[in-house]
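Nothing fancy with the numbering, it's 1 onward along the sequence. We count ligands from 1, going down the list as the structure has it; atoms in each ligand are counted the same way.
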Amino acid sequence: MIRAAVITISDKGAAGLRQDLSGPLLQEMLRKMGAEIVHYAIIPDEREQIRELLTRLADTPKGTGEQGVELIITTGGTGPAPRDVTPEATLQVIEREMPGLAEVLRMEGYRKTSLAVISRGVAGIRGRTLIINLPGNPKAVREGMEVLIPILPHALQMLRGEELEHHANSEWRMKGKMTESYPMLSVEEAQERMLALVRPLEPEWGPLLEALGRVLAEDVFAGVDIPPLDNSAMDGYAIRAEDTIGASQDHPVRLRIIGNLAAGYTFPQAVEPGTAVRIMTGAPIPPGADTVIRFERARRDDDTVEILEEVRRGRNIRRAGEDVRRGELVLPRGTLLRPQEIGMLAALGRAEAWAIRRPRVAILATGEEVIPVDQPLAPGKIHDANSTSNAAQVLRYGGVPLPLGIARDRREELSAKIREGLEQGVDLFLTSGGVSVGDFDVVKEVLAAEGEIHFWWVNMKPGKPLAFGQIGGVPLLGLPGNPVAAMISFELFARPAILKMLGRKEWDKPTIEAVLEDAIERKDNRRHFLRVQVRREDDHYYAHLTGPQGSGILNSMVQANGLAIIPEERGELAAGERVQVLMLDWPEEVIL
Ligand code: AMP
Ligand code: MG
């Protein structure tokens, strides 16, 4: 277990004038990654005090006293204010700098907030203690920790002088009680652990239509007013309102028509008293005119027009800038680009934009029995359903699928395919099959030997064996082999990962409450996801099972539009009970 210390450095915090949010947040995030917090303090921005505390914590021998720490993270005092001295104090303490760590923290921070560049935090080692400065605000702490979580375990392992778990000792790691050494996680715990290691990808400059469904990575300000000029909202006559004073059916006002103006042109002369210009919708209001009267409200007679009523000044005119004002922040970064946002960008005269790029998702099937769909079946063989269903899911949720084919159940074959993926530069690996405890379950062996496993048991059905780890720095989800289990695990794990990489903040699918029309038996306390068809009738949703629920029965997935969620603690369910249903599809006939 990592022994860590958290130090908040803040004059106001130390004086009790401001509540420390960053220190507790840091502790929580460190605990989640399995660290033990052995020291927490709030101290003022005093160089000497900071230096003294860092030195004392780092110099306490490890493994002997209660206080020995191998990781110290500070928060606060990294800015340019005169009292900010955390980096100076830290530099006095550390013996070997780790500049890359500090730069990556700044760089990643900058992708979210440009002000991150003025943080002066440093990182380095004293003896066998790693010291890292993070800025003081909780947002920066959270983002900084997201950068550090994948790096820290390795960095600390090397700092302790331990060999990295490599090919050399992978053999014995694989044997023995490997399966028991990984705990069974709840769906939420597993999702949280996985998402802690997945980060939004970088922005890319490209044509608007390619940005559809992606997240905007720039603040878009209006360079122009929209509309750019006052213009007519109607087809009619541009007039001066004061000319209509006293007009009525019996005493119409007669105005002389001095010209015609279509949208796209400007009128070369002014509308003088007693005159009017025929004007079409969208055409700029000529100088002198202040009102438009619709054709239907006027009577034309050759080159004059009769106005039969008094009109209010400003009628039927769309004002310059009434939609968007020049200089206004129209679309903040982080906005999901739907067709309407794409339209707004176009209206602003933008043909291209910065948007978070799409993740490249490598897809790999495993199994001696699995053959490509374009090959004829042979005895004992089955067609590869998962590569295609998973690729379709990747496309549907905004990723770019890169199918790597099928690896037979041999470590070298799977390793070679994974290497191929790494060479092509992928952001996520999805494998299917080979994660249970059978004799030929190679995914977990390769992951243990060449990467690292973070978990592989999730308390759900289908999909209990579900491996998650990293290989070559790329997250890998080992989905189960049964086609339905592979698809449902994708929904619950790969989908949030892809959406997080795409810079999205929300990844929950809509759930609804439905009346169950079938009784449900159960023999275990896993969370069940049952394939159901939901329909709506008289203000209620009803869900019925679509058939046998075996995790290989793809047909009941084909019939389903939702997954009924049966919580761990629920016993048997009778028909008529209410359940939550995660909607896989949300067709119009279900919404009503
Ligand atoms: P495994 O997790 O490798 O033990 O596979 C579990 C079940 O899923 C076995 O019956 C496999 O034949 C089946 N399976 C594995 N991969 C695929 C695939 N790509 N397409 C269809 N079925 C598969
Ligand atoms: Mg297999």
[X]: numbered ligand 1 atoms lying under 4.0 Å from its heavy atoms:
{"X": "Val370", "result": "16 (N), 17 (C), 19 (N)"}
{"X": "Ala365", "result": "19 (N)"}
{"X": "Gly433", "result": "1 (P), 2 (O), 3 (O)"}
{"X": "Pro483", "result": "21 (C), 22 (N)"}

Got a sec: does the [atom1] of [X] have more than 12 other heavy atoms crowding it under 6.0 Å?
{"X": "Ile382", "atom1": "CD1", "result": "yes"}
{"X": "Glu188", "atom1": "CD", "result": "yes"}
{"X": "Arg111", "atom1": "CZ", "result": "yes"}
{"X": "Glu521", "atom1": "CD", "result": "no"}

Is there a heavy atom in Thr366 that sits closer than 4.0 Å to ligand 1?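 Thr366: in contact with ligand 1 (<4.0 Å).
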
Any Gly434 heavy atom less than 4.0 Å to ligand 1: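 Heavy atoms of Gly434 do come under 4.0 Å of ligand 1.
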
Nearest protein heavy-atom contact for [atom]: which residue, which atom, what distance?
{"atom": "atom 22 (N) of ligand 1", "answer": "Ile382 CD1, 3.4 Å"}
{"atom": "atom 18 (C) of ligand 1", "answer": "Asn386 ND2, 3.2 Å"}
{"atom": "atom 4 (O) of ligand 1", "answer": "Ser436 OG, 3.6 Å"}
{"atom": "atom 20 (N) of ligand 1", "answer": "Ala385 N, 3.0 Å"}
{"atom": "atom 19 (N) of ligand 1", "answer": "Asp384 OD1, 2.7 Å"}

Least distance between heavy atoms, His454 atom then Tyr182 atom: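 Closest approach of His454 to Tyr182, heavy atoms only: O-CD2, 4.3 Å.
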
Checking Asn561 against Gln533 for the side chain to side chain donor-acceptor pair (under 3.5 Å) test, could you report, in this order, the C-alpha distance in whole Å, the side-chain angles of both residues, the deciding distance, and whether it holds? CA-CA 5 Å; Asn561 61 1; Gln533 174 69 237; 2.9 Å; yes

Are any of the N/O atoms in Gly481 less than 3.5 Å from those in ligand 1?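 The answer is yes, given that Gly481 and ligand 1 share an N or O pair closer than 3.5 Å.
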
Just go through Glu369, Lys381, Glu368, His383 and tell me whose heavy atom is the nearest to atom 11 (C) of ligand 1.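 When every heavy atom of Glu369, Lys381, Glu368, His383 is considered, Glu369 comes closest to atom 11 (C) of ligand 1.
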
Hey, does Lys139 have a side-chain heavy atom less than 4.5 Å from the side chain of Lys112?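 A side-chain contact under 4.5 Å exists here.
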
Tell me whether Arg526 contacts the main-chain N or O of His528 through its side chain, where contact means a donor paired with an acceptor under 3.5 Å.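 Checking the backbone N and O of His528 against the side chain of Arg526, no donor-acceptor pair under 3.5 Å is found.
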
Exactly one of Leu364, Asp409, Leu447 should register a side chain to side chain contact (heavy atoms under 4.5 Å, CB included) with Leu414. Which one does?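 Exactly one option meets the side chain to side chain contact (heavy atoms under 4.5 Å, CB included) with Leu414, and it is Leu364.
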
Residue portion contacting ligand 1 (non-hydrogen atoms closer than 4.0 Å) for Asn482: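 Both the backbone and the side chain of Asn482 come within reach of ligand 1.
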
